[in-house]
Amino acid sequence: MAGFASTSQSDFSKGAHPGHERVPNDGVENCINGLYDDDGTIFKRGGCTYLTTSDTSSTYGDLRSLWAGQLAHGESVVALSSNETAVAGSYAWAIWKLDDSTGVTLNREYDSTSALTGSPRWGRPVGALGLVFFPGRAHTHLDVYGGSELATVTYSSPDTVTTTINSTAVTGSGTSFLTEVDAGSILFANSGYGIVKSVESDTALTLTSEWYQPTTTGDATFAPWVKGAVPNQADVAVTKDTPAPVVGSAYDRLLIGHKNRLYFSSQTNPLQFATSEDYHELPNGVVITGIQQLYDTALLFTTDGVWALSGLAQDLTDDYGNAQHRLEKVNGDIVLWRDTGLGSSSDGIVVPAIDDVYSMTAGGAVSIGGGIRKLYREYVKADYIPGQAAVHRGHYFLPILDPSNDDEWVDLLVCNLASKGWTRWEGYAAKVRALTQRVRAGVPSLLATSGAGTLIPPDPPDPGETPDYRLINLTGCFEPGADNKQDADSSNFTLQVTFRTLGSSTLKAMWARFRVLYTLTDAASDNPTMTAEYSTGLPGSSFTALTGTATESADGMAYWPIRKRTKTIRIRLTSSGASSRCVIRGAETLYRQTGRK
């Protein structure tokens, strides 16, 4: 158009900057349900799918924690659920394991026989040598599960079980190992713990590691899970008024942080804490809030910054009494928000701190909060908490929950770790409390717990609301297509992009036209469209619809007339209807300066 200037954008890789008045030329003010491609374009995420066909809402409520890894029976997916009971302030809970034979059934393996008192909130689960540890239940110890699939809760054998020091063989006389014990069962005998690797007969079984207590013949107990046990560590026992322990693992050791002490297990048995001296102590007043392995070091996140513990591949001291572990403070500024938000990848650790989000590598810490920092700090200030985060395909997924409303879902923040561009997700796939990456046959997938935006049984649901707590697969969100044009619950979701504010704070301009370059592909006969709106106020101001619609096109260009004289303007583009592909490749706005204030 003659006499008009234009401002255009084809790179959006710096991501969303919600609430910011100034946005970089390669960013946007907000992006909902989008992902940034390598060329800087924005594409609409694909839909999620159900991993399990039935939900857990009928008895044990919503899924609060999720873990995937190797247990006794092989690669496993384990979840914890809990819900408020009829007794106010008490909660029931259950361990669930994905049925590997069908891949679609979540079996309730074990559950509590009595209600818990206090918060049902769990910390970040950690795996070590075929066991998974769930910390923080009701501010007691840990819940330990080895993958046992027996229906029997515990088996107390006759006084004829023999455990031999430095041997993995366990024998019995008159015992029923074949029917009462299986791989993953946890043995307790003579004040020691062992994990069952295999059962050979009714009178013989094998442990995963050598027995470390004196040889003895006597009574023994086998259990599929250990309720709140941290062996030989009475100091770790806490009440609801003291910090709950946090867990991590490094070099096949289980690491337990409580107050200012870090306890470490043996390298062959994560339930074996060899002596009462197997711990490191930080200065008084420092509280350990998270543990994460980084290469050959365990990082300890504390209320006084970050400490690094190296040498865990070695014993605490050598044969001459020389220290082989090294503990040092490496960062005094980063204070972890909560350990559930930690994410790990081959490149390093993503750390949600109380002031920003950081990427930590061997070279130090770098802020990646970027455009989301303002909103992120508002969430911290509001006393929200991070849900269980995960890293998948170079993206960091961080759920935001409201602890004042039973950890109800607030937001899902997603960061492209290469470009540091953030987006926010909404819809069924986004309303999750916990995510984890599962690697099966070398192929990674992103799993999550659904239903975080609904009420917890036995509370009555809102009109038209049905509790739906199951596992979902978000892997397809990176590969949108006709097969996943909707989320698993058959709901549609929209791509919404609010472009950066254009104009001057002093002079008015005549804003003539908005143009977008796009791809919009119909998956069937859904007739997807895109509409545009404009706003002249500050971020958060209302929008007014523009006339026009973008329709299906593989290489489209759509125009919307604006004809508005104002100092500043920003455009919001919203998709409607299911589509197999929706991409924003570029945007252009035509204007003419008026020279008027």
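This is a predicted model, so every value here is computed, not measured.
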Answer yes or no: is there a donor N or O on one side and an acceptor on the other, between the side chain of [X] and the main chain of [Y], under 3.5 Å?
X      : Y      : result
Lys374 : Gly19  : yes
Ser65  : Leu80  : no
Thr475 : Ser445 : no
Ser249 : Gly127 : yes
Trp409 : Ala430 : yes
Thr423 : Val414 : no
Asn33  : Glu426 : yes
Asn484 : Gly476 : yes
Asp487 : Asp489 : no
Ser76  : Gly74  : yes

Spacing of [atom1] belonging to [X] relative to [atom2] belonging to [Y], to within rounding of 0.5 Å:
X      : Y      : atom1 : atom2 : result
Lys431 : Leu412 : NZ    : CG    : 12.0 Å
Tyr251 : Gln267 : OH    : CD    : 9.0 Å
Leu342 : Tyr396 : CG    : OH    : 7.0 Å
Thr436 : His392 : OG1   : NE2   : 11.0 Å
Asp26  : Gln9   : CG    : CD    : 7.0 Å
Glu378 : Asp411 : CD    : CG    : 11.0 Å

For [X], all residues meeting side-chain contact (heavy atoms from CB on, under 4.5 Å), sequence neighbours excluded:
X      : value
Thr303 : Val286, Val287, Thr289
Ala434 : Leu66, Gln388, Thr449
Ser359 : Thr361, Ile368
Ala550 : Tyr518, Met530, Ala558, Trp560

Counterpart residues, salt bridge (Lys or Arg N to Asp or Glu O under 4.0 Å), relative to [X] (two or more places apart):
X      : answer
Asp483 : none
Glu552 : none
Lys197 : none
Asp383 : none

Shortest non-hydrogen separation from [X] to [Y] and the atoms involved:
X      : Y      : result
Thr41  : Phe12  : CA-CD1, 4.2 Å
Gly130 : Leu71  : O-CD2, 3.3 Å
His395 : Arg393 : ND1-O, 2.8 Å
Gly577 : Pro528 : O-CB, 4.2 Å
Pro270 : Leu254 : O-CD2, 3.5 Å
Ala578 : Lys485 : CB-CD, 3.8 Å

- prompt: Would Val357 and Trp422 satisfy side-chain contact (heavy atoms from CB on, under 4.5 Å), going step by step from the backbone distance to the final call?
  reply: CA-CA 11 Å; Val357 184; Trp422 292 80; 4.2 Å; yes
message: So, using ring-ring contact (aromatic ring centres under 6.0 Å, His included) as the criterion, who are the partners of Trp337 when residues are at least two apart?
response: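 For Trp337, the residues satisfying ring-ring contact (aromatic ring centres under 6.0 Å, His included) (neighbours in sequence not counted) are Tyr376.
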task: Check ring-ring contact (aromatic ring centres under 6.0 Å, His included) between Tyr379 and all other residues, then give those that pass, not counting sequence neighbours.
output: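 Once residues adjacent in sequence are excluded, the partners of Tyr379 under the ring-ring contact (aromatic ring centres under 6.0 Å, His included) criterion are Tyr384.
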message: Between Thr49 and Asn473, does the side-chain hydrogen bond (donor to acceptor under 3.5 Å, both in side chains) criterion hold? Intermediate values first, please.
response: CA-CA 5 Å; Thr49 56; Asn473 191 334; 4.7 Å; no
message: For Trp67, run the side-chain contact (heavy atoms from CB on, under 4.5 Å) check against Val77, Val126, Val78 and tell me which one passes.
response: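 For Trp67, the side-chain contact (heavy atoms from CB on, under 4.5 Å) check succeeds only for Val78.
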- prompt: Looking at Asp407 and Arg433, does any basic side-chain N land under 4.0 Å from a carboxylate oxygen?
  reply: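 No, this pair does not count.
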field: Under-4.0 Å salt bridge between Glu75 and Arg438
entry: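 The answer is yes: the pair qualifies as a salt bridge.
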N/O donor to acceptor pairs below 3.5 angstrom from side-chain atoms of residues 290-300, sequence neighbours left out:
from, atom 1, to, atom 2, distance (Å)
Gln292, OE1, Arg124, NH1, 2.9
Gln293, NE2, Tyr295, O, 2.9
Tyr295, OH, Asp347, O, 3.1

- prompt: Phe493 and Trp425: aromatic ring centres closer than 6.0 Å?
  reply: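 Phe493 vs Trp425: aromatic centres not under 6.0 Å.
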field: Minimum side-chain heavy-atom gap Tyr36-Asp11 below 4.5 Å
entry: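 SC-SC contact between Tyr36 and Asp11 ruled out.
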field: More than 12 heavy atoms from other groups under 6.0 Å of CG on Asp38
entry: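 No.
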- request: Kindly indicate, with the supporting measurements, whether the criterion side-chain contact (heavy atoms from CB on, under 4.5 Å) is fulfilled by Val23 and Val28.
  value: CA-CA 6 Å; Val23 176; Val28 294; 5.5 Å; no
- request: Evaluate side-chain contact (heavy atoms from CB on, under 4.5 Å) for Phe397 paired with Val432, printing each intermediate quantity in order.
  value: CA-CA 10 Å; Phe397 291 79; Val432 299; over 6 Å; no
query: What residue pairs, at least two apart or across chains, pass ring-ring contact (aromatic ring centres under 6.0 Å, His included) with a residue in residues 339-368?
result: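 Of all non-adjacent pairs touching residues 339-368, none passes ring-ring contact (aromatic ring centres under 6.0 Å, His included).
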